Amino acid sequence: MTEPIPGPPGLPIIGNVNDIDPIDSIKSLNRLADIYGPIFKLHLGGTDRLYISSQALLNEVCDEKRFTKIVAGALNEIRNGVQDGLFTAHPGEHNWEVAHRVLMPAFGPLSIRNMFDEMHDIASQLVVKWARFGPKEKIDVTGDFTRLTLDSIALCAMDLRFNSFYHEEMHPFVNAMTGFLQESGARANRPHFLNYFMRSTQQKYDSDIALLKQVAIEAVAERKAHPSKKNDLLNAMLNGRDPKTGEGLTDESILNNMITFLIAGHETTSGMLSFLFYQLLKNPSTYQKAQKQVDEVVGRGPVTIEHMSKLPYIEACLRETLRLTPTAPVFSMQPRPDTTEDPITIGGGKYEIAKGQPIMALLSKVHKDPLVYGEDAEEFRPERMLDEPFSKLPPNAWKPFGNGMRGCIGRPFAWQESTLTVALLLQNFNFRFDDPSYVLGIKQTLTIKPKDFYMHATLRDHID
Ligand code: HEM
């Protein structure tokens with residue numbers, strides 16, 4: 001006998017829209033998980049969605065023989081801008097298969113290693129900016145990390161210099177992207193017919209999408225006009241051939257994936273770096289250990305590619321940051337469309353679910369499952385994420401990069417970029433909160449970042 005899946009009662013037509021704070025939906029979902037337990041149901045945007053928040057349930061759902069990604073909710077709305085790009089393609093879509101096979105080598109270890117110098121170039125711009133600021137100037141942490149990660153992906157992936165550190169305002173791409181993601185999220189939670197009555201919102205949405213496309217079109221045109229031999233993602237997309245079918249990416253698929261990389265390739269990493277610095281300032285002994293490791297391994301000399309694999313404590317800090325604040329806080333699965341299970345169940349047979357049923361993994365909760373992480377699950381303790389304890393975690397207890405075939409293709413890029421940046425910053429500066437009583441707030445689009453988080457940077461004594 002199966003049991004009904006709990007959840008708050010909804011209203012006719014609008015469903016559970018009032019149960020979700022549109023500004024901070026993750027907070028609302030966490031609260032609902034506290035009330036209804038590790039699985040609950042909401043009716044949003046015209047469909048029922050399940051939310052799971054324990055390692056045991058996520059482990060079941062990560063079995064790719066039974067479940068696969070679903071492009072639902074906000075992700076489905078993002079298709080309005082990037083159609084079947086890698087991130088938003090439905091399972092089995094042909095363009096995803098071609099792009100995946102063509103682009104996997106471009107994200108392989110050697111390719112990412114080759115991007116080190118360009119990542120270093122951009123990270124050094126950040127160091128110079130903060131050094132010139134001096135200790136009194138207030139640093140907009142997420143703003144500057146967003147400049148860093150956007151410039152880094154644009155330069156490494158398509159040889160495009162956004163020069164964000166040299167402008168007061170963010171590149172127009174960032175504002176268009178933020179608007180596009182925010183509105184995609186909002187559309188996912190309101191009944192579709194309402195969109196027809198929101199003319200100015202729709203116009204803004206369309207013009208944001210047009211700007212994103214324009215940036216991609218210009219970058220492709222520039223490369224076609226001035227071909228280069230660079231081993232970057234753009235050349236992989238323009239010249240690469242699918243080893244299975246011999247096909248190349250269509251022009252449309254190239255544009256969709258360029259925008260996808262610019263979006264997926266910077267927001268999440270910028271959020272991770274920002275949360276990490278918040279945690280280091282909040283936990284001084286951890287901060288000291290991290291800085292000590294940089295001093296011992298790198299010393300005063302240049303940070304090099306060889307250092308990247310020699311900073312295990314920094315790596316543990318990054319993992320622990322993504323555990324507590326997974327910057328892509330939800331990913332969505334469904335029973336495989338070709339399943340022969342009848343009935344389809346979840347929870348070891350306890351709950352019956354429908355074909356096509358979206359199951360959202362609420363990572364902020366799964367990552368604090370007390371059965372896995374213990375009573376101090378809420379605390380920032382990187383020691384639990386050092387290689388050995390990390391490798392002994394139960395399966396699928398830490399999933400900030402998503403699952404299986406549809407997991408993050410850019411993970412090695414994000415890791416190298418972040419390790420390098422953290423090493424450079426800790427080597428060169430001492431940091432302190434602007435407001436020591438700062439309480440962490442969250443700014444959410446599709447990803448999460450700290451809200452109104454400011455700090456100060458003082459050049460360290462050993463810097464001449
Ligand atoms: C997919 C997280 C950095 C490109 C994903 C997914 C997650 C994720 C959770 C799966 C989404 C889903 O199942 O719907 C992160 C985090 C990052 C990061 C936490 C940094 C800390 C990057 C970077 C790039 C990138 C730097 C590009 C350079 C992508 C792409 C996909 C993806 C293209 C779709 C892959 C596919 O389905 O084929 N990422 N990501 N990500 N990510 Fe990342």
Side-chain angles (χ1 to χ4, degrees), residues 58 61-62 64 67-76 78-79 82 84-93 95-104 106-108 111-112 115 118-119 145-146 148-158 232-234 236-237 253 256-276 315 318-319 321-334 358-364 366-367 396 398-419 421-422 446-449:
L58 183 57
V61 165
C62 285
E64 289 180 285
F67 297 92
T68 186
K69 169 162 169 158
I70 186 170
V71 178
L75 213 53
N76 200 32
I78 291 172
R79 282 182 67 97
V82 293
D84 55 8
L86 279 177
F87 195 54
T88 42
H90 295 297
E93 267 186 293
N95 279 341
W96 178 85
E97 308 215 326
V98 173
H100 178 75
R101 286 190 291 262
V102 168
L103 288 166
M104 277 303 275
F107 282 100
S111 307
I112 300 296
M115 294 177 189
E118 291 185 328
M119 288 181 180
F145 281 139
T146 300
L148 171 96
T149 52
L150 180 70
D151 280 24
S152 202
I153 183 71
L155 182 62
C156 297
M158 42 211 86
D232 62 8
L233 296 180
L234 182 50
M237 288 195 276
S253 177
N256 289 334
N257 281 306
M258 279 196 55
I259 303 172
T260 297
F261 288 134
L262 287 171
I263 294 179
H266 87 280
E267 275 268 288
T268 40
T269 316
S270 149
M272 171 171 70
L273 285 166
S274 308
F275 283 121
L276 171 67
E315 172 148 43
L318 290 169
R319 286 177 183 149
T321 301
L322 283 183
R323 182 182 73 79
L324 286 176
T325 38
T327 48
V330 174
F331 68 86
S332 320
M333 303 290 280
Q334 63 174 323
I359 307 164
M360 327 296 262
L362 194 50
L363 294 179
S364 47
V366 175
H367 286 177
N396 300 306
W398 185 81
K399 295 294 281 185
F401 290 102
N403 191 47
M405 286 288 278
R406 299 305 299 271
C408 181
I409 200 172
R411 179 173 173 172
F413 183 101
W415 222 243
Q416 179 169 296
E417 179 184 22
S418 305
T419 310
T421 303
V422 174
L446 190 63
T447 68
I448 55 167
K449 289 179 180 172

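Note that the coordinates shown come from a computational prediction; the quantities given were computed from them, not determined experimentally. Just follow the structure's listing: the first ligand is 1, and inside any ligand the first atom is 1. Positions are given from 1 along the sequence.
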Would you call Met237 and Leu103 a side-chain contact if the rule is heavy atoms closer than 4.5 Å? yes
4.5 Å side-chain heavy-atom contact, Leu148 and Leu273: yes
I want to know if ligand 1 touches Arg406 in the polar sense, i.e. an N/O pair below 3.5 angstrom. yes
Quick check: do Trp96 and His90 have side-chain heavy atoms less than 4.5 Å from each other? no
For Asp232, which residues count as a salt bridge (Lys or Arg N to Asp or Glu O under 4.0 Å) partner, sequence neighbours excluded? Arg223, Lys230
Could you tell me which residues satisfy salt bridge (Lys or Arg N to Asp or Glu O under 4.0 Å) with Arg411, sequence neighbours excluded, listed by chain and number? none
Can you name the atoms of ligand 1, numbered from 1 with element, that are less than 4.0 Å from a heavy atom of Phe261? 33 (C)
Met272 heavy atoms within 4.0 Å reach ligand 1 at atoms 21 (C)
Within a strict 4.5 Å, meaning less than it, do heavy atoms of the Leu58 and Leu363 side chains meet? yes
Counting only protein N, O or S atoms (no waters) closer than 2.8 Å to atom 43 (Fe) of ligand 1 gives 1
Provide the number and element of each atom of ligand 1 under 4.0 Å from a heavy atom of Phe107. 28 (C)
Logged contact type for Thr149 with ligand 1, heavy-atom cut-off 4.0 Å, is neither
Determine whether the aromatic ring centres of Phe261 and Phe107 lie less than 6.0 Å apart. yes
Side-chain donor or acceptor of His266 paired with backbone N/O of Thr149 under 3.5 Å: no
Does even one non-hydrogen atom of Trp96 get within less than 4.0 Å of ligand 1? yes
Quick one: are Phe145 and Met272 in side-chain contact, heavy atoms under 4.5 Å? no
Heavy-atom side-chain proximity of Pro91 to Gln334 below 4.5 angstrom: yes
For atom 14 (O) of ligand 1, the closest protein heavy atom turns out to be Lys69 NZ, 2.8 Å
Heavy-atom contacts with Ile153 under 4.0 Å: which atoms of ligand 1 show up? List them by number with element. 28 (C)
For atom 2 (C) of ligand 1, what's the nearest protein heavy-atom neighbour? Residue, atom name and distance, please. Pro400 O, 3.4 Å
For Thr268 and Thr327, does a side-chain donor sit closer than 3.5 Å to a side-chain acceptor? no
Those atoms of ligand 1 less than 4.0 Å from some heavy atom in Thr327: 19 (C)
Side-chain donor-acceptor contacts of residues 401-409 below 3.5 Å, not counting sequence neighbours, with atom names and distances?
from   : atom 1 : to     : atom 2 : distance (Å)
Asn403 : OD1    : Lys399 : NZ     : 2.9
Asn403 : ND2    : Cys62  : O      : 3.1
Arg406 : NH1    : Ala89  : O      : 3.0
Arg406 : NH2    : Leu86  : O      : 2.7
Arg406 : NH2    : Ala89  : O      : 3.0

Counting from 1 in the order shown, the ligand 1 atoms closer than 4.0 Å to a non-hydrogen atom of Gly407 are 35 (C)
Show the atoms of ligand 1 that are less than 4.0 angstrom away from any heavy atom in Phe331. 12 (C), 13 (O)
What do you reckon, does Thr260 have a nitrogen or oxygen under 3.5 Å from a nitrogen or oxygen of ligand 1? no
Keeping the roles fixed (side chain from Glu118, backbone from Met115), state whether a donor-acceptor pair exists under 3.5 Å. no
Numbered atoms of ligand 1 (with element) below 4.0 Å of Phe413, judged on heavy atoms: 26 (C)
